[in-house]
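To start, the structure itself, in structure tokens.
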Amino acid sequence: MPSTITEWPHVDTALPGPRSAELLDRKDAVLQGPLRDAENVPFVLGAKRGHLLEDVDGNVFADHVSAWGAAPYGAQPPHVRQTMNDAWDRYGMEISQYLSSEPVVTLAERLVALAPAGITRVAPTVTGTEAVEGAVKLAREATGRPIILSFLGQYHGESTYLTASVSTDLPGNTSGIAQYVPGVVLIPYPQSFRAPFHQGPGPYDDTLCLDYLEDWVLRYQVEPGQIAGVLIEPVAGEAGILAPSQAFWDRLTSLCRRHGWKLLLDEVQTGIGRCGTVFSAERWGLEPDLLLVGKGVTGGGQAIAGVMGTEEMMADSSSHLGGTYAWEPAACAGAIAGLDLLADGSVLANTHELERIALEEFLPLVSEVDEVGDARAIGAWACLEFVSGRDSVEPAPEFQHAVHLGAMRRGVFAISEPSKSLYRMQPALTIEPELFRWSCRQVADAVREVAQRWM
Ligand SMILES: Cc1ncc(COP(=O)(O)O)c(C=O)c1O
């Protein structure tokens with residue numbers, strides 16, 4: 001079949017190139033600590049088009065970050081741009097919390113229509129972090145109970161309050177204050193590759209964490225009647241695309257019913273097509289009490305997020321969420337346009353094809369390269385997990401970082417943090433399968449190259 005790709009990645013300078021180096025030095029001098037990351041991201045963005053990024057030195061990379069999932073239809077989808085610009089021309093900036101407009105109402109209706117059974121209402125926010133904080137408020141308000149049960153390894157944002165304490169995706173605490181936040185109980189996130197109190201790689205039964213919950217946490221740490229809700233990502237993204245089993249969901253759901261816990265499903269990253277369905281709740285037949293959206297819901301336009309919930313959780317709630325910028329009209333219009341794009345079934349069909357390609361290209365690496373512990377993919381999301389050697393689960397962050405550098409030299413830019421052993425590809429849902437397969441092969445070549453050096 002002839003190629004449909006008109007422009008391919010190419011990296012022609014050392015990284016960083018001269019212009020990037022100059023800007024990175026300037027950035028280093030003025031930005032806060034964690035943003036001084038030139039070693040991990042050794043270039044500065046010059047322009048984006050389609051599924052490509054161009055740096056200020058003219059190097060071109062395939063974009064497997066897609067603004068961390070917030071640009072799900074490529075760089076500047078024309079329908080989103082047009083709709084958003086028209087709305088701004090008409091309404092300008094407005095505080096929708098106080099003065100509503102049609103895009104606000106239509107977006108809420110469209111989201112409710114797409115949501116799992118039982119979800120009837122929406123509370124607007126700007127960011128996913130605020131959506132998580134808002135959901136916790138609502139769960140406490142509805143139940144009158146203080147405790148939130150959550151999972152180690154998840155990510156929910158970086159506020160100074162709850163999301164900081166439950167964002168445990170990095171090897172160390174993400175915030176020095178996390179441990180001082182009361183009202184949170186954490187258990188390990190379900191997974192089959194590694195299990196607490198077990199040595200070596202699985203496959204393990206991922207409901208073991210619920211044994212721990214029932215046999216230890218509920219017996220010795222917290223009474224079930226004190227727990228307001230369970231805050232969980234349906235697929236843990238920052239933890240390396242961990243997708244729990246149906247058995248886990250069935251047992252968690254029945255615990256929720258038995259103890260009156262609300263299910264707070266954080267779909268900020270998994271929702272709006274990322275996992276191959278509009279919401280990943282659909283995959284396991286989940287009916288959350290609260291469902292959090294963000295990232296992909298922007299359509300790639302402006303910042304927008306929200307808490308969706310059932311009548312019971314939201315109709316008579318008096319908790320205030322959101323703020324000045326929540327759901328300003330142009331952001332809503334962009335989000336509606338994004339949902340129009342998703343409604344064309346070809347976007348979700350493309351994510352299924354991407355999942356198939358990722359597994360086809362990456363699974364063989366697990367048996368071929370000792371340091372590739374596991375390869376996982378779901379929808380438009382793929383992850384390689386590196387370990388110190390065969391039959392080990394000891395994380396190998398240096399190996400991962402070297403793969404990331406090798407992939408960038410080959411023109412592939414994906415999600416990598418130097419302290420982590422996880423390499424993640426999170427392209428737009430619409431990336432061309434041909435460009436995606438090419439990118440996977442570049443990454444596989446980088447893995448082989450690093451493995452040669454590691455011996
Ligand atoms: C699952 C999840 N929840 C919440 C957040 C926080 O969203 P935001 O960065 O929009 O505040 C993120 C961000 O990555 C996320 O992945």
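Minimum heavy-atom separation, Ala428 to Gly74: CB-N, 3.5 Å. Of all the heavy atoms in Ala21 and Pro16, the pair that sits closest is N-CB, 3.9 Å. Taking all atoms of both residues into account, the shortest heavy-atom contact from Ala396 to Ser388 is CB-N, 4.0 Å. When every heavy atom of Asp289 is checked against every heavy atom of Met313, the shortest pair comes out as O-CG, 3.6 Å. Across all non-hydrogen atoms, the minimal contact from Pro418 to Gln400 is CA-NE2, 4.5 Å. When all heavy atoms of Pro116 and Phe279 are compared, the closest pair comes out as CD-CD1, 4.1 Å.
There is a side-chain donor-acceptor pair under 3.5 Å between Asp57 and Ser20. Between the side chains of Thr270 and Glu267, a donor-acceptor pair is found at a separation under 3.5 Å. Between the side chains of His51 and Thr430, at least one donor-acceptor pair of N or O atoms lies under 3.5 Å. Using modelled atom types, one finds no donor on one side chain facing an acceptor on the other under 3.5 Å when comparing Glu432 with Thr4. Glu39 and His401 form a side-chain donor-acceptor contact under 3.5 Å, judged by distance and modelled atom types alone. Judged by distance alone, the side chains of Asp205 and Ser192 never bring a donor and an acceptor atom under 3.5 Å apart. Using modelled atom types, one finds a donor on one side chain and an acceptor on the other under 3.5 Å when comparing Ser3 with Glu434. In this structure, a donor-acceptor pair under 3.5 Å is present between the side chains of Ser150 and Gln154.
Partner of Leu290 under the side chain to side chain contact (heavy atoms under 4.5 Å, CB included) criterion, out of Leu264, Leu265, Val132: Leu264 alone.
With Glu214 contributing its side chain and Leu218 its backbone, the two residues share no donor-acceptor pair below 3.5 Å. Side-chain atoms of Arg390 come within 3.5 Å of backbone atoms of Ser367 as a donor-acceptor pair (strictly under, hydrogens ignored). Between the Arg283 side chain and the Cys275 main chain, a donor and an acceptor come within less than 3.5 Å of each other.
At a threshold of 4.0 Å, the pair Arg110-Asp340 counts as salt-bridged, since one of the basic side-chain nitrogens sits closer than that to a carboxylate oxygen. The existence of a salt bridge linking Glu54 and Arg49 is confirmed by a sub-4.0 Å separation between a basic side-chain nitrogen and an acidic carboxylate oxygen. The existence of a salt bridge linking Arg437 and Glu353 is excluded, since no basic side-chain nitrogen approaches an acidic carboxylate oxygen closer than 4.0 Å. A salt bridge links Arg356 with Glu360: the closest approach of a Lys/Arg side-chain nitrogen to an acidic carboxylate oxygen falls below 4.0 angstrom. Ion pair Arg251/Asp211 flagged as a salt bridge, since at least one NZ, NE, NH1 or NH2 atom sits closer than 4.0 Å to an Asp/Glu carboxylate oxygen. With salt bridges taken as basic N to acidic carboxylate O contacts below 4.0 Å, one links Lys27 and Asp37. By the 4.0 Å N-to-carboxylate-O rule, Glu449 lies close enough to Arg410 to be salt-bridged with it.
Phe413 and His404 have tilted rings, their planes meeting at an angle from 30° to 60° on a 0 to 90° scale. Ring geometry for Phe386 against Phe399 counts as tilted: the plane angle lies between 30° and 60°, on a 0 to 90° scale.
For the pair Pro190 and Phe151, the minimum side-chain heavy-atom distance is below 4.5 Å. Two residues are said to be in side-chain contact when any heavy atoms from C-beta on lie closer than 4.5 Å; Leu321 and Val307 meet this criterion. With a 4.5 Å cut-off on side-chain heavy atoms, Arg376 and Cys383 count as touching. Between Lys295 and Gln269 there is a side-chain heavy-atom pair separated by less than 4.5 Å. Inter-residue side-chain proximity for Glu355 and Ile378 is flagged as met; some heavy-atom pair is nearer than 4.5 Å. For the pair Val60 and Glu7, the minimum side-chain heavy-atom distance is below 4.5 Å. Residues Glu385 and Val393 fail the side-chain proximity criterion, which asks for heavy atoms closer than 4.5 Å.
Residue Leu52 holds its CG atom at 8.0 Å from CD1 of Ile5, rounded to the nearest 0.5 Å. The distance from the CD atom of Glu282 to the CD atom of Glu287 is 12.0 Å, given to the nearest 0.5 Å. Once rounded to the nearest 0.5 Å, the distance linking CD1 of Ile357 with CE of Met425 reads 10.0 Å. Note that CG of Asn350 and CG of Leu429 are 8.0 Å apart. Values are rounded to the nearest 0.5 Å. In this structure, the separation between CD1 on Ile232 and CZ on Phe248 is 4.0 Å, given to the nearest 0.5 Å. Once rounded to the nearest 0.5 Å, the distance linking CZ of Arg140 with CG of Leu138 reads 11.5 Å.
The number of heavy-atom neighbours closer than 6.0 Å to CH2 of Trp216, taken from other residues, nucleotides and ligands shown, is 12 or below. Counting non-hydrogen atoms of other residues, nucleotides and ligands closer than 6.0 Å to CD of Gln452 gives a total of 12 or fewer.
A distance of 6.0 Å or more separates the ring centres of Phe193 and Tyr204.
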